[in-house]
A.B. asks: 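Once you've had a glance at the structure underneath, I'll fire off some questions.
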There are 2 protein chains.
Amino acid sequence: MARSGDVVDARVQRSKAAVLAQTYELLSAGGIGGVSIDEVSRRSGVSKTTIYRHWPSRAALLVEACSTIGSAPPVPDTGSFGADLAALVEELAEQLRSARWAAVLPSIVDAAEREPELAELHARLHARLMAPFGVVTERAQARGELAADRGPADVGAVVAGPLFYRRWFSREPLDVAFVRRVVEDALSHFGVQDRST
Amino acid sequence: MARSGDVVDARVQRSKAAVLAQTYELLSAGGIGGVSIDEVSRRSGVSKTTIYRHWPSRAALLVEACSTIGSAPPVPDTGSFGADLAALVEELAEQLRSARWAAVLPSIVDAAEREPELAELHARLHARLMAPFGVVTERAQARGELAADRGPADVGAVVAGPLFYRRWFSREPLDVAFVRRVVEDALSHFGVQDRST
DNA sequence: ACAGTACGGTACTGTACCGTACTGTTTCGT
DNA sequence: ACGAAACAGTACGGTACAGTACCGTACTGT
């Protein structure tokens with residue numbers, strides 16, 4: 001018996017972990033198009049048969065492998081919108097500079113443009129990445145620190161937009177000066193005095 | 001004789017035009033991954049052999065097919081930075097809403113992340129798309145309308161960033177209100193009074 | 001010990017693709 | 001009219017991939 005749906009067979013855990021790890025590896029290196037089940041099987045030592053036993057299709061495997069992307073770091077709560085935002089932007093910039101998924105996201109965006117199955121994944125990732133901005137924005141609004149006519153969506157666009165642009169389009173380095181300027185500009189948009197560190 | 005390198009055979013022109021047109025068609029529909037020589041040949045009625053006579057490889061064909069993307073509309077010259085910028089942003093937003101290439105760019109960005117051959121293409125496209133912003137920015141600086149410490153690269157990031165973010169990441173509509181806000185915010189960054197239409 | 005389950009290995013079907021070779025036909029320039 | 005160039009059609013070889021079927025083996029909990 002499979003232990004009444006509670007405990008999972010250790011072999012299954014090993015196999016799934018190995019497969020997911022190698023999938024993520026290939027994903028980082030070659031984007032979505034760089035992942036093939038054959039190659040995952042070769043590298044992980046888990047046979048193709050077993051992979052298909054655990055995931056119904058390649059897409060399902062990809063979705064699960066992406067599920068750890070952008071796992072939210074703790075949302076700062078300094079009491080000031082400026083400092084919260086600065087911390088979040090620093091964090092995002094650091095992720096864009098170094099995180100594995102920064103090289104993967106473009107292929108997800110591309111895939112989302114045509115395959116609905118992956119559009120969902122894109123939506124979830126976007127929501128997870130931007131959630132912290134929503135939190136600090138709403139807190140600031142609750143404190144009356146921020147005008148009510150500028151919602152979380154605006155903050156996301158104004159702050160993440162330039163960062164993303166720089167990372168993927170202009171491909172200039174995301175240096176400290178640029179990041180600081182983005183924060184300052186955003187704060188001046190929203191009529192908040194900058195008092196970040 | 002092939003007409004001393006000057007005039008090109010009409011058959012060659014026809015073939016190349018048909019191939020490029022269908023390549024662009026497939027590109028719009030399925031991104032870079034959606035273009036196969038077989039399919040281009042089928043749809044264009046140009047045989048595969050002929051395609052390989054004119055382009056040495058699939059990549060070469062793709063590069064040439066992309067060469068028309070983002071062909072710059074005339075750069076506005078109203079005499080005011082605010083109005084110039086507003087016109088450019090409106091234009092860019094309209095392109096992002098409707099132009100065929102707006103669906104293709106993510107796959108180019110993705111490809112540029114790994115294939116150097118296409119990274120060049122990406123660089124050229126980026127330069128072409130952003131050139132108008134550089135022009136109006138430099139004109140404004142020359143008039144003393146704009147502080148010298150904010151270069152064209154900053155203007156591009158602040159203005160195009162939110163638009164791109166909205167088009168490809170948050171996937172919210174690029175409505176007029178949003179576009180206007182982006183322009184206003186950008187102008188306030190740079191210490192310019194908004195006097196656009 | 002024993003049943004249930006997970007597993008690896010291999011082979012297979014079917015598809016899609018790149019790039020080339022070969023054969024004959026149309027079209028251009030002169 | 002005639003040679004050269006461009007062409008279509010077709011058939012390849014080679015590779016890679018998704019997904020499935022089958023068999024025999026190793027492990028797990030009871």
Side-chain angles (χ1 to χ4, degrees), chain A residues 1-23 25-27 29-66 107 111 114-118, chain B residues 1-23 25-27 29-65 107 111 114-115 117-118:
Chain A
M1 203 81 77
R3 281 314 343 96
S4 69
D6 193 8
V7 175
V8 181
D9 194 307
R11 295 168 293 178
V12 175
Q13 287 184 329
R14 259 207 315 276
S15 294
K16 292 189 83 167
V19 168
L20 284 174
Q22 287 305 317
T23 302
E25 205 70 25
L26 285 171
L27 203 55
I32 288 190
V35 177
S36 80
I37 304 289
D38 281 302
E39 189 63 22
V40 171
S41 168
R42 249 187 302 268
R43 296 202 187 187
S44 65
V46 175
S47 85
K48 240 172 84 167
T49 320
T50 301
I51 296 177
Y52 278 102
R53 262 194 282 267
H54 293 313
W55 291 275
S57 70
R58 174 176 174 273
L61 172 59
L62 284 174
V63 168
E64 184 163 347
C66 290
S107 74
R114 15 200 148 265
E115 297 172 46
E117 194 166 0
L118 294 174
Chain B
M1 202 82 76
R3 282 312 342 92
S4 70
D6 193 9
V7 174
V8 181
D9 194 309
R11 295 168 293 177
V12 175
Q13 286 184 330
R14 259 206 317 275
S15 294
K16 292 188 84 167
V19 168
L20 284 174
Q22 288 304 318
T23 301
E25 205 72 24
L26 285 170
L27 203 54
I32 288 189
V35 177
S36 80
I37 304 288
D38 282 298
E39 189 64 21
V40 170
S41 167
R42 249 187 302 268
R43 296 202 187 188
S44 65
V46 176
S47 87
K48 250 173 67 165
T49 321
T50 301
I51 297 177
Y52 278 103
R53 252 195 293 271
H54 293 313
W55 292 275
S57 70
R58 175 175 173 274
L61 172 59
L62 283 174
V63 168
E64 184 164 347
S107 75
R114 14 199 150 266
E115 298 172 45
E117 193 167 1
L118 293 174

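The chains referred to below are lettered A, B, ... by the order of the sequence lines, with proteins before strands, and numbering in each begins at 1.
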A.B. asks: Examine the base of D/dC27 for any acceptor or donor lying under 3.5 Å from a partner atom in the side chain of A/Arg11, and report the outcome as yes or no.
C.D. replies: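 Under the 3.5 Å cut-off, the side chain and the base do form a donor-acceptor pair.
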A.B. asks: Give a yes/no on whether any side-chain N or O of B/Ser15 is located under 4.0 angstrom from OP1 or OP2 of D/dC7.
C.D. replies: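 True: B/Ser15 side-chain N/O within range (under 4.0 Å) of D/dC7 OP1/OP2.
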A.B. asks: Atom CD1 of B/Ile51 to atom P of D/dT10: distance rounded to whole Å?
C.D. replies: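 Nearest whole value for this atom pair: 15 Å.
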A.B. asks: Without decimals, in angstroms, what is the distance between A/Arg42 CZ and D/dA18 C1'?
C.D. replies: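 Rounded to the whole Å, the gap is 13 Å.
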A.B. asks: If every non-hydrogen atom of B/Val35 is compared with every non-hydrogen atom of B/Arg58, which pair is closest and at what distance?
C.D. replies: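 Residues B/Val35 and B/Arg58, closest heavy atoms: O-NE, 3.1 Å.
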A.B. asks: Where the side chain of B/Val46 is defined as all heavy atoms beyond and including C-beta, which of C/dA6, C/dC18, D/dA8 is the nearest nucleotide?
C.D. replies: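 For B/Val46, the side-chain atoms sit closest to D/dA8.
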A.B. asks: 5'-most contact on DNA chain D: B/Arg53 or A/Pro56, nearest heavy atom basis?
C.D. replies: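 Upstream on the strand: B/Arg53.
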A.B. asks: Nearest 0.5 angstrom please: A/Glu39 CD to A/Leu26 CG, how far?
C.D. replies: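 Nearest 0.5 Å value for the CD-CG distance: 5.5 Å.
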A.B. asks: How close or far is atom P of D/dA18 from atom CH2 of A/Trp55, stated in whole angstroms?
C.D. replies: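 Spelled out: CH2 on A/Trp55 to P on D/dA18 is 14 Å.
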A.B. asks: Within the modelled atom types, does a donor on one side and an acceptor on the other bring the side chain of A/Lys48 and the base of C/dG9 under 3.5 Å apart?
C.D. replies: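 No, the side chain and the base share no sub-3.5 Å donor-acceptor pair.
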A.B. asks: Using modelled atom types and a 3.5 Å cut-off, is there a donor and acceptor pairing between side-chain atoms of B/Ser107 and backbone atoms of B/Ile32?
C.D. replies: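 Yes, because the side chain of B/Ser107 sits within donor-acceptor range (under 3.5 Å) of the backbone of B/Ile32.
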A.B. asks: Could you say whether A/Tyr52 or B/Ser47 is positioned toward the 5' end of DNA chain D, judged by the nucleotide with the nearest heavy atom to each?
C.D. replies: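 Its nearest nucleotide lies further toward 5', so the answer is B/Ser47.
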A.B. asks: Return whichever of B/Arg14 or B/Glu39 has its heavy-atom-nearest nucleotide of DNA chain C closer to the 5' end.
C.D. replies: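 Result: B/Glu39.
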A.B. asks: Expressed in angstrom and rounded to an integer, what is the separation of B/Ile37 atom CD1 from D/dG9 atom P?
C.D. replies: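 Interatomic distance, CD1 of B/Ile37 to P of D/dG9: 17 Å.
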A.B. asks: Just the rounded figure in Å: distance from P of C/dC28 to CD of B/Gln13.
C.D. replies: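 Roughly 12 Å, once rounded to whole Å.
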A.B. asks: Which one is paired to D/dT28, where only Watson-Crick or G-U wobble pairs with both distances under 3.5 angstrom count?
C.D. replies: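 Result: C/dA3.
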A.B. asks: Tell me whether the side-chain N or O atoms of A/Thr49 pair up with the base of C/dG9 as donor and acceptor below 3.5 Å, since no angle test is needed here.
C.D. replies: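 Looking at the base of C/dG9, it does pair with a donor or acceptor on the side chain of A/Thr49 (distance under 3.5 Å).
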A.B. asks: What does C/dC28 pair with, Watson-Crick or G-U, if both distances are under 3.5 Å?
C.D. replies: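 Per the H-bond distance test, D/dG3.
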A.B. asks: Just compare D/dA18, C/dC17, D/dC7 and give me whichever is closest to any side-chain atom of A/Asp38.
C.D. replies: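 Per side-chain heavy atoms of A/Asp38, the pick is D/dA18.
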A.B. asks: Nearest whole Å is fine: how far is C/dA6 C1' from A/His54 NE2?
C.D. replies: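 Spelled out: NE2 on A/His54 to C1' on C/dA6 is 7 Å.
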A.B. asks: Side-chain contact, heavy-atom cut-off 4.5 Å: A/Thr50 with A/Val19?
C.D. replies: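 SC-SC contact between A/Thr50 and A/Val19 ruled out.
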A.B. asks: Report yes or no: does A/Ser41 contribute a side-chain atom to a donor-acceptor pair with the main-chain N or O of A/Ile37 at less than 3.5 Å?
C.D. replies: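 No, A/Ser41 side chain to A/Ile37 backbone: no donor-acceptor pair under 3.5 Å.
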